[in-house]
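Input: a single structure, listed below in structure tokens.
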Amino acid sequence: GGDGAVAAPAVFQCEFEEGLSTVRVIPAAPKTVQRMREKLRKYLPPHPRGQWPLCANILDPVRASIVVEGGAAQILQVLRWFLEEEETNGMPVRRVKNKFSRAEEDVLDGYRDVQLSVLFKGRRGLRILGEIQIHDLELYRLKLKMHKLYKVHRASALDAI
């Protein structure tokens with residue numbers, strides 16, 4: 001997540017239940033090897049998820065954000081599009097993490113979005129797990145500002161920032 005966009009957003013006009021609205025698809029840089037190693041260290045035993053293969057805890061080596069302008073209703077409609085079309089879009093949903101459904105004290109820094117772990121199926125048998133984050137535009141702008149604080153929070157050492 002964060003401010004690691006690698007390309008300009010693709011901007012679409014999409015038909016929602018309440019009418020046309022702008023949707024931005026923002027690709028992010030792949031997760032760095034250094035960051036994946038940090039995550040692997042986090043899940044070493046005795047962590048409850050510290051079972052082989054530890055790489056099963058890395059669900060977002062590739063990622064993108066989808067940003068809607070119409071709040072929670074549009075976030076849920078995008079989620080439904082992925083769930084209802086997963087067999088035809090080449091990206092079956094493997095996990096949904098809905099931070100809107102969590103208690104306030106269970107959400108780091110109060111930030112809320114919906115995250116999908118999807119299995120991308122490409123040509124020649126390529127299969128890779130990735131993450132699609134679905135955001136509201138106002139919250140997404142806030143997330144970009146908060147990302148530096150998030151990096152400090154998760155850092156295991158000063159040189160990891």
Side-chain angles (χ1 to χ4, degrees), residues 1-17 20-44 47-102 107-108 111-144 146-147 150-151 154 160:
D3 53 5
V6 294
V11 180
F12 303 93
Q13 291 297 310
C14 295
E15 184 69 40
F16 288 92
E17 291 171 0
L20 279 179
S21 186
T22 301
V23 173
R24 292 167 181 81
V25 178
I26 306 167
K31 189 170 290 296
T32 66
V33 171
Q34 176 185 349
R35 178 67 184 123
M36 285 191 264
R37 286 183 177 141
E38 289 170 9
K39 281 186 99 167
L40 291 176
R41 281 192 294 275
K42 173 183 173 183
Y43 292 112
L44 287 171
H47 190 282
R49 290 174 27 195
Q51 299 175 11
W52 190 88
L54 290 176
C55 63
N57 292 297
I58 299 177
L59 303 177
D60 59 347
V62 293
R63 56 232 157 114
S65 293
I66 296 176
V67 181
V68 299
E69 295 183 352
Q74 288 185 359
I75 289 171
L76 291 174
Q77 285 180 56
V78 171
L79 171 61
R80 278 197 308 270
W81 292 339
F82 273 94
L83 294 174
E84 292 170 1
E85 301 296 327
E86 65 182 354
E87 293 308 317
T88 58
N89 69 16
M91 292 186 292
V93 176
R94 296 297 182 230
R95 182 182 83 164
V96 176
K97 185 191 281 187
N98 182 352
K99 292 184 184 175
F100 289 99
S101 66
R102 295 181 177 182
V107 179
L108 178 66
Y111 183 77
R112 297 177 184 274
D113 62 7
V114 173
Q115 298 175 354
L116 307 178
S117 294
V118 297
L119 181 63
F120 174 77
K121 298 177 181 179
R123 293 183 217 141
R124 300 186 194 149
L126 171 70
R127 296 162 60 98
I128 188 167
L129 202 57
E131 181 177 88
I132 297 174
Q133 299 175 358
I134 309 170
H135 309 272
D136 173 70
L137 181 59
E138 287 184 42
L139 287 174
Y140 180 74
R141 288 178 175 153
L142 178 62
K143 177 186 179 173
L144 294 179
M146 292 172 47
H147 189 67
Y150 169 71
K151 286 175 81 171
R154 76 169 188 222

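Fair warning: this is a prediction, and the values are worked out from it, not measured in the lab.
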P9 and I26 have their tightest heavy-atom pair at CB-CG1, 3.7 Å
Tell me, please, which residues at least two apart from Y43 pass ring-ring contact (aromatic ring centres under 6.0 Å, His included).
H47
Mind checking the NZ-CD1 spacing from K31 to I58? Nearest 0.5 Å is all I need.
8.0 Å
Which heavy atom in P27 sits nearest to a heavy atom in A64, and how many Å separate them?
CA-CB, 4.1 Å
Do L76 and F100 have side-chain heavy atoms sitting under 4.5 Å apart?
no
Minimum heavy-atom separation for G71 and V68, please, with both atom names.
O-CG2, 4.0 Å
Taking the side chain as everything from C-beta on, heavy atoms only, tell me whether V23 gets closer than 4.5 Å to F16.
yes
With the side chain counted from C-beta on, respond yes when F82 and I66 share a heavy-atom pair under 4.5 Å apart, and no when they do not.
yes
Heavy-atom pair of closest approach, residues P61 and M36:
CB-SD, 4.4 Å
Taking side chain as C-beta onward, heavy atoms only, is L139 less than 4.5 Å from K99?
no
Tell me which pairs pass salt bridge (charged side-chain N to carboxylate O under 4.0 Å, His left out) where either residue lies in residues 66-85, with sequence neighbours left out.
E17-R80, R24-E69
Distance from M91 atom CE to K121 atom NZ, nearest 0.5 Å?
11.5 Å
With a 4.5 Å heavy-atom cut-off, do Q133 and R63 have their side chains touching?
no
Sole candidate of L116, I132, I134, L83 that passes side chain to side chain contact (heavy atoms under 4.5 Å, CB included) when paired with V78:
I134
Do L119 and R127 come close enough that some side-chain heavy atom pair is under 4.5 Å?
yes
Output for pair (R141 CZ, D136 CG), nearest 0.5 Å, gives 9.5 Å
Hey, what do you get for CG (N57) to NZ (K39), rounding to the nearest 0.5 Å?
8.0 Å
If the condition is side-chain contact (heavy atoms from CB on, under 4.5 Å), which residues does R37 pass it with, not counting sequence neighbours?
V33, R41
Side-chain touch D113/Y140, heavy atoms, less than 4.5 angstrom:
no
Return yes if a side-chain donor-acceptor contact under 3.5 Å exists between T22 and Q13, otherwise no.
yes
Is a donor on one side and an acceptor on the other found under 3.5 Å between the side chain of Q115 and the backbone of K97?
no
Measure the CD-SG distance between Q74 and C14 for me, rounded to the nearest 0.5 Å.
9.0 Å
Would you mind checking if E38 and R35 are paired as a salt bridge, meaning a charged N to carboxylate O distance below 4.0 Å?
yes
